[in-house]
Chemist: 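I'd like to ask you about the structure that follows.
Convention: sequence-line order gives letters A, B, ...; per-chain numbering from 1. Values reported hereafter were calculated over all heavy atoms of this structure, with side chains retained and with hydrogens, waters and symmetry mates removed.
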Number of protein chains: 2
Amino acid sequence: MGTAVGGERSVPRYVQIADEIVQQIRAGVLKPGDMVPSESELVERYGVSGGTIRKAMVEVRASGLVETRHGKGSIVKDRPPVRHRSSDRFRRSLRRGGKAAYLAESEQSGATAKVSVLYIGPMEAPEDAARRLGVSAGTQVLARRRLYFRNGTPVETATSYLPWDVVKDIPELFAENPGGGGIYARLEDHGHEFAEFVETLQARLASKAEASELALSPGSPVVHLVREARTTEGRVVEVCDTLMAADQFVFEYRIPAAG
Amino acid sequence: MGTAVGGERSVPRYVQIADEIVQQIRAGVLKPGDMVPSESELVERYGVSGGTIRKAMVEVRASGLVETRHGKGSIVKDRPPVRHRSSDRFRRSLRRGGKAAYLAESEQSGATAKVSVLYIGPMEAPEDAARRLGVSAGTQVLARRRLYFRNGTPVETATSYLPWDVVKDIPELFAENPGGGGIYARLEDHGHEFAEFVETLQARLASKAEASELALSPGSPVVHLVREARTTEGRVVEVCDTLMAADQFVFEYRIPAAG
DNA sequence: AAGTGGTCTAGACCACTAT
DNA sequence: TAGTGGTCTAGACCACTTT
C-alpha cells in the first residue's frame, strides 16, 4: 500500500537509486556493453515498487550513460570521446584536401564515420530557409538531406537548401557525392566565392520525432545549428539546417579581436 | 483498476494530453502569467488517473513553456525573445561604448538586466582553467564569479579566472564594477592587447545543483561555454567559464572563409 | 512462451503555499 | 485548513524481443 516514507530523508528514493546506478557505471562496475539489471530485478534488490524503479531509470537515462530498448533492457553506452566541431572546418585551405569536413574530423578522432543520403532533389523552401536565402516561402530550391553516423549510431541530421538558379548549372550538386571538398568547393568552382559563414546555435530538448530519428532517449538535449554561406557578392547561396545529439559534439569558435 | 487502453492508439494518452496543453499555450488560449489548471482538475477534465496527468505535465514542463512550483501550481512563462549572443560582442569598437556586453545586449532586446557579483578574490585555479591559463592546477588566480539576471530570473552564471601576475597591478579588476568596457578594456589599458577569443560550447542537461542555481526545472538543458582570451603575445590572460539556461540564448558566430 | 520495458489505475501519504 | 504538487504502492494490461 501507499506507505510513502518521505519523512526521513529529503532526497527521494528514486533519485537515490538512480544515483547509485549512475555511480556504478562511472566507477566501472557496469562497463560499456553491459546490461543494466532488469527493472523487476531492481524491484527486488531495492525493495521498492516498479513505479519507483521506473522513475529511477528515467533519471539514469537522462544521464546519457545508458540506452534502453523496449523488450530488451538497458545497456551501458560506449562513451566515445566527443567530436570537436571547429569553426576551422570551413577554411578554404582545409577544403583542398578533398575530404568533406565531417569525415575528416571524425576519422581524425579515431571513429568510424558514415553519411547516408536521405534525399537530394527539388523541394519547396521552408519558411525559415526561404527567408535566409532571400526568396519567398514555397519557392522551389534544391534540398540535400543527409544523416550522419558515428560508430554506427546516428548523431546528426543535416539539410542544405540552395537556390535553384544557383544549382541548375552544377550537376555535381545533384549527386550523392559532390566530389572533393564538398559542395562548397563546387560552388566556388562555378564562381561563387565565399566571404563568410554565419552559424546560429540553439540548444533544446529533442521532440519525440527528433529523438527517434537520432536514436535518442526522449528528453535528450539536441543542438539546432543553422549555417548561412555568404558570397563576396553578399548573397546567401546555401542554408544548412542541422540537428545534433548534444552529447556527441563540442563546438569551438575563434573570434578575432580586431575591429 | 488497471484497464490500460493501449490497444487503440499508438500515441500514449499522456502525450496526447501534453500536446493539447502545449497547443493551448502556443495558440494563446493560455497566456503568459496564466495558471495551468490544477492536476486534479485535469484528472476530471480528461477522465484519466492522476499518474497519467502527472506524466503529461512532465512533458509540458519539458517544453519550457511552463514553470511549476510545489504547493502553487503551474504558471505559463513569459516567452521573452531569446537573447542573441553574438560573437560581435568582443569587437574592440563595441567596447568603447562603455557598457559591458551583457547589459547592452539585454537592453537592446527590451529586457531588464541585472548582474550580481558572488565573489571577487583569490582562488586556487580549478584543473580545467589552470590548464587553459598555462599554470599548474591549484595555483592562485583571481576569480570573478557573477550571476546574471534577465527580467528578474537568473539565466547565466559566469566565473572568470585571471593569472595573478596579470591582475596584481590592476586594482579595477578587484572591483565589482571594473569600469567602462569591462575587464577587457582594463586589460588592454595595461598593455595586454587581445588577438582573439576562443569559445567552446557544449550542451547538456543541468545537474541538480546547477538547476537550482539557475532556477530551472530538473532535466532542463544548459549550455556550458568556456572562453579563452588570447593576447597578441600568445598568452591566455583570462578564462571565463559560464553556464547558461539553454532556452534563454541563441548563439551566433561569423566565420570568415579566407585562409 | 517467457521476459522485458511502457502505459495506466486508484488510492495513500507527504510537503509546500495560500488563506 | 484547504488545495496544490511530489512521492510511492501494488497490480493490471500491452508491445516488443528473444528463445
Chemist: Rounding to an integer number of Å, can you tell me how far A:Arg61 CZ sits from C:dT4 C1'?
Modeler: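 Distance check: A:Arg61 CZ to C:dT4 C1' gives 12 Å.
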
Chemist: Between B:Lys77 and B:Asp247, is there a side-chain N and carboxylate O pair less than 4.0 Å apart?
Modeler: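 Counted as a salt bridge, because a side-chain N and a carboxylate O are separated by less than 4.0 Å.
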
Chemist: Specify the separation, in whole Å, of atom CD1 of B:Ile75 and atom C1' of C:dT17.
Modeler: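 So the two atoms are 14 Å apart, to the nearest Å.
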
Chemist: Please report, rounded to the nearest Å, how far the P atom of D:dA10 is from the CZ atom of A:Arg13.
Modeler: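 Going from A:Arg13 (CZ) to D:dA10 (P), I get 14 Å.
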
Chemist: So does B:Thr52 get a side-chain nitrogen or oxygen closer than 4.0 Å to the phosphate oxygens (OP1/OP2) of C:dT7?
Modeler: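 Looking at the OP1 and OP2 atoms of C:dT7, neither is under 4.0 Å from any side-chain N or O of B:Thr52.
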
Chemist: Could you please name the option among D:dC8, C:dG5, C:dC16 that lies closest to any side-chain atom of B:His70?
Modeler: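 The answer is C:dC16.
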
Chemist: Taking the minimum atom-to-atom distance to the side chain of A:Val48, which one of C:dT7, D:dT9, D:dC16 wins?
Modeler: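 Among C:dT7, D:dT9, D:dC16, the one nearest the side chain of A:Val48 is D:dT9.
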
Chemist: Any Lys/Arg nitrogen of B:Arg146 or B:Glu176 sitting under 4.0 Å from an Asp/Glu carboxylate oxygen of the other?
Modeler: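 No salt bridge links B:Arg146 with B:Glu176.
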
Chemist: Give the nucleotide from the list C:dT7, C:dG5, C:dC8 with an atom nearest to the side chain of B:Ser49.
Modeler: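 From the listed options, C:dC8 comes nearest.
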
Chemist: Rounded to whole angstrom units, what separation is found between the CD atom of A:Glu44 and the C1' atom of C:dT4?
Modeler: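 Answer to the nearest Å: 15 Å.
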
Chemist: Check every atom of D:dG5, C:dT9, D:dT9 against the side chain of B:Ser38 and return the nucleotide holding the closest atom.
Modeler: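 Shortest atom-to-atom distance from the side chain points to D:dG5.
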
Chemist: Nearest-Å distance, CZ (B:Arg69) to P (D:dT4)?
Modeler: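 Distance check: B:Arg69 CZ to D:dT4 P gives 16 Å.
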
Chemist: Taking CZ in B:Arg131 as the centre, count heavy atoms belonging to other residues, nucleotides or ligands within less than 6.0 Å. Is the count above 12?
Modeler: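 Counting neighbours around CZ of B:Arg131, more than 12 heavy atoms of other residues, nucleotides or ligands fall under 6.0 Å, so yes.
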
Chemist: What is the distance, to the nearest angstrom, from the NZ atom on A:Lys55 to the P atom on D:dG5?
Modeler: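 In whole Å, D:dG5 P and A:Lys55 NZ are 14 Å from each other.
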
Chemist: Can you check the A:Ile53 CD1 to D:dA10 C1' distance for me, whole Å?
Modeler: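 So the two atoms are 14 Å apart, to the nearest Å.
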
Chemist: Would you indicate which nucleotide in C:dC8, D:dC8, D:dT18 comes nearest to any side-chain atom of A:Lys72?
Modeler: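 Comparing C:dC8, D:dC8, D:dT18 against the side chain of A:Lys72, the answer is D:dT18.
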
Chemist: Could you pick out which residue, A:Gly47 or A:Gly71, lies toward the 5' side of DNA chain D when each is mapped onto its nearest nucleotide?
Modeler: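 Counting from the 5' end, the first nearest nucleotide belongs to A:Gly47.
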
Chemist: Only one of B:Glu238, B:Arg227, B:Arg144 clears side chain to side chain donor-acceptor pair (under 3.5 Å) with B:Ser160; which?
Modeler: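 By the side chain to side chain donor-acceptor pair (under 3.5 Å) criterion, B:Ser160 pairs with just one of B:Glu238, B:Arg227, B:Arg144: B:Glu238.
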
Chemist: Are any of A:Tyr14's side-chain N or O atoms less than 4.0 Å away from OP1 or OP2 of D:dT7?
Modeler: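 The answer is yes; a side-chain N or O of A:Tyr14 sits under 4.0 Å from OP1 or OP2.
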
Chemist: Which residues pass the side chain to side chain contact (heavy atoms under 4.5 Å, CB included) test with A:Glu41, sequence neighbours left out?
Modeler: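 Only A:Pro37, A:Ser38, A:Arg45 meet the side chain to side chain contact (heavy atoms under 4.5 Å, CB included) criterion with A:Glu41.
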
Chemist: Whole angstroms only, please: what is the CD-P distance between A:Glu39 and D:dT9?
Modeler: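 Result: 14 Å.
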
